[in-house]
2 protein chains.
Amino acid sequence: MVLADHVPQGDPLQIRQIAEQQQIPDRYLEQLLSNLRRAGLIRSQRGAKGGYLLARQPWQITLLDVMTCIEGREAQSAQQGEHSLERLVVRELWQEVNQAASEVLQAHTLQDLCDRRDAQNNADLMYYI
Amino acid sequence: MVLADHVPQGDPLQIRQIAEQQQIPDRYLEQLLSNLRRAGLIRSQRGAKGGYLLARQPWQITLLDVMTCIEGREAQSAQQGEHSLERLVVRELWQEVNQAASEVLQAHTLQDLCDRRDAQNNADLMYYI
DNA sequence: CATAAAACCTAGCGGAAAACCGGGATATAC
DNA sequence: GTATATCCCGGTTTTCCGCTAGGTTTTATG
């Protein structure tokens with residue numbers, strides 16, 4: 001979301017700035033960003049004045065994209081050794097649950113989240129006045 | 001599901017029997033059953049010839065009921081100290097995801113799962129012939 | 001009543017994953 | 001050429017889940 005906010009400026013954002021703004025350990029954030037980069041969600045520029053940029057526009061990046069990157073789940077599928085019939089049907093239903101969750105995540109983009117946040121912020125300000 | 005299968009017999013099922021049938025460590029299964037009992041999903045009878053019984057009929061027990069028991073998640077909610085606005089909206093969306101998952105779980109009962117399993121079993125047998 | 005058979009309770013272990021540092025190597029603007 | 005950034009990789013700490021263990025309480029039965 002911070003990267004999305006910074007898209008208009010056009011210049012890369014550095015780990016330090018993001019980490020400070022969001023109160024995240026910078027060394028840890030670095031690894032998360034690495035994952036996002038390897039997945040092609042963000043681009044990086046090395047060296048002085050370097051940093052990170054979104055690879056696509058904020059409305060073209062779904063939260064499912066983001067989740068699948070940072071939550072590096074490797075499906076332990078196809079290991080159907082001596083699964084009982086019970087475990088099989090439970091497994092099937094579990095996939096249905098995951099599917100439902102994924103659909104919600106895919107229905108929202110980074111832009112959506114930022115917009116919601118801004119709306120929330122405005123509401124708070126109005127209440128303050 | 002094993003308990004649901006055993007409902008017609010009417011007598012309580014013991015940990016050992018379930019553990020053996022499903023290849024689960026019995027001492028571990030004991031704790032899972034404890035959770036289900038504390039949540040009121042199953043009833044227990046202590047002493048000799050004791051065991052466990054479903055507290056309701058299999059079609060009256062949703063998988064959401066079961067999940068919320070064995071996955072003892074205590075919501076760490078209401079701890080909105082210095083949550084940034086970003087974290088707030090992300091949290092909101094995360095609840096949407098959970099909601100979607102819960103709805104799928106709530107739409108299926110123990111009976112459903114058992115029926116599916118039996119259907120699957122029949123299909124397998126037909127194929128075998 | 002005595003005994004055995006079951007559920008009940010509480011504590012802790014072990015491994016794996018997540019969260020988090022640290023030390024360099026590498027690329028790049030100036 | 002140097003300062004500044006990302007990159008890479010390994011190690012540490014914390015947390016959680018699956019599981020084990022010992023002992024207590026309840027109850028059917030002879």
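Predicted model only: the values in this text are computed from it and were never measured. Protein chains get the first letters and strands the later ones, always in sequence-line order, with residue 1 at the start of each.
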Participant: Any chance you could measure Tyr52(A), atom OH, to Ile15(A), atom CD1, to the nearest 0.5 Å?
Facilitator: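 CD1 of Ile15(A) is found 4.0 Å from OH of Tyr52(A).
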Participant: Applying a 4.0 Å non-hydrogen cut-off, can you work out what Arg43(B) is touching in the nucleic acid: base, sugar-phosphate, or nothing?
Facilitator: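 Answer is nothing: Arg43(B) stays at 4.0 Å or more from every strand.
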Participant: To the nearest Å, how far apart are Gln17(A) CD and dT4(D) P?
Facilitator: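 Atom CD in Gln17(A) sits about 14 Å away from atom P in dT4(D).
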Participant: How many Å lie between CD1 on Ile70(B) and P on dC16(D), as a whole number?
Facilitator: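 Those two atoms, CD1 and P, are 17 Å apart.
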Participant: Pick out which of Asp118(A), Asp124(A), Asn122(A) makes a side chain to side chain contact (heavy atoms under 4.5 Å, CB included) with Gln120(A).
Facilitator: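 Checked Asp118(A), Asp124(A), Asn122(A) against Gln120(A); only one passes side chain to side chain contact (heavy atoms under 4.5 Å, CB included): Asp124(A).
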Participant: Show your reasoning for whether side chain to side chain contact (heavy atoms under 4.5 Å, CB included) applies to Leu53(B) and Ile42(B).
Facilitator: CA-CA 6 Å; Leu53(B) 294 156; Ile42(B) 63 182; over 6 Å; no
Participant: Could you go through the side chain to side chain donor-acceptor pair (under 3.5 Å) check for Glu103(A) and Gln99(A) one step at a time?
Facilitator: CA-CA 6 Å; Glu103(A) 280 168 9; Gln99(A) 183 63 28; 3.3 Å; yes
Participant: So, does Arg37(B) get its side chain near the phosphate of dC8(C), meaning an N or O under 4.0 Å from OP1 or OP2?
Facilitator: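 Checking Arg37(B) against dC8(C): at least one side-chain N or O falls below 4.0 Å of OP1 or OP2.
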Participant: To the nearest angstrom, how far is Gln14(A) atom CD from dC7(D) atom C1'?
Facilitator: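 The distance from CD of Gln14(A) to C1' of dC7(D) comes to 15 Å, rounded to the nearest Å.
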Participant: Using whole Å, what does the distance between atom P of nucleotide dT6(D) and atom CG of Leu53(A) come to?
Facilitator: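 After rounding, the gap between these two atoms is 11 Å.
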Participant: How close or far is atom C1' of dG18(D) from atom CG of Asn35(B), stated in whole angstroms?
Facilitator: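 Whole-Å distance recorded here is 13 Å.
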Participant: Would a hydrophobic clustering, with Ile, Leu, Val, Met, Phe, Trp and Tyr connected at side-chain separations under 4.5 Å, put Leu88(A) with Val97(A)?
Facilitator: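 No, because Leu88(A) and Val97(A) fall into different hydrophobic clusters, even though each may have its own neighbours under 4.5 Å.
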Participant: Expressed as a whole number of angstroms, how long is the span from Asp11(B):CG to dA6(C):P?
Facilitator: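 Computing the Asp11(B):CG to dA6(C):P distance gives 12 Å.
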Participant: Would you mind reading off the distance between Leu33(A) atom CG and dC7(D) atom P, rounded to a whole angstrom?
Facilitator: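 After rounding, the gap between these two atoms is 8 Å.
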Participant: Nucleotide by nucleotide, 5' to 3', does protein get under 4.0 Å of the base (B), only the sugar-phosphate (S), or neither (-) in nucleotides 20-30 of chain C, counting heavy atoms?
Facilitator: BBBB--BBBS-
Participant: Between Ser44(A) and dA5(D), does any side-chain N or O lie under 4.0 Å from OP1 or OP2?
Facilitator: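 For dA5(D), neither OP1 nor OP2 has a side-chain N or O of Ser44(A) closer than 4.0 Å.
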Participant: In whole angstrom, what separates Tyr52(B)'s OH from dT26(D)'s C1'?
Facilitator: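 Rounded to whole Å, this separation is 12 Å.
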Participant: State which residues pass side chain to side chain contact (heavy atoms under 4.5 Å, CB included) with Asp5(A); sequence neighbours excluded, sorted by chain then number.
Facilitator: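 Asp5(A): side chain to side chain contact (heavy atoms under 4.5 Å, CB included) contacts with Cys114(A), Arg117(A), Glu86(B).
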Participant: State whether Asp11(B) and Lys49(B) are salt-bridged, where the test is any N-O pair (Lys NZ or Arg NE/NH1/NH2 against Asp/Glu carboxylate O) under 4.0 Å.
Facilitator: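 A salt bridge is absent here (no side-chain N lies under 4.0 Å from a carboxylate O).
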Participant: Is Ile15(A) touching bases, backbone alone, or none of the nucleic acid, heavy atoms closer than 4.0 Å?
Facilitator: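 Ile15(A): backbone/sugar contact only, no base atoms under 4.0 Å.
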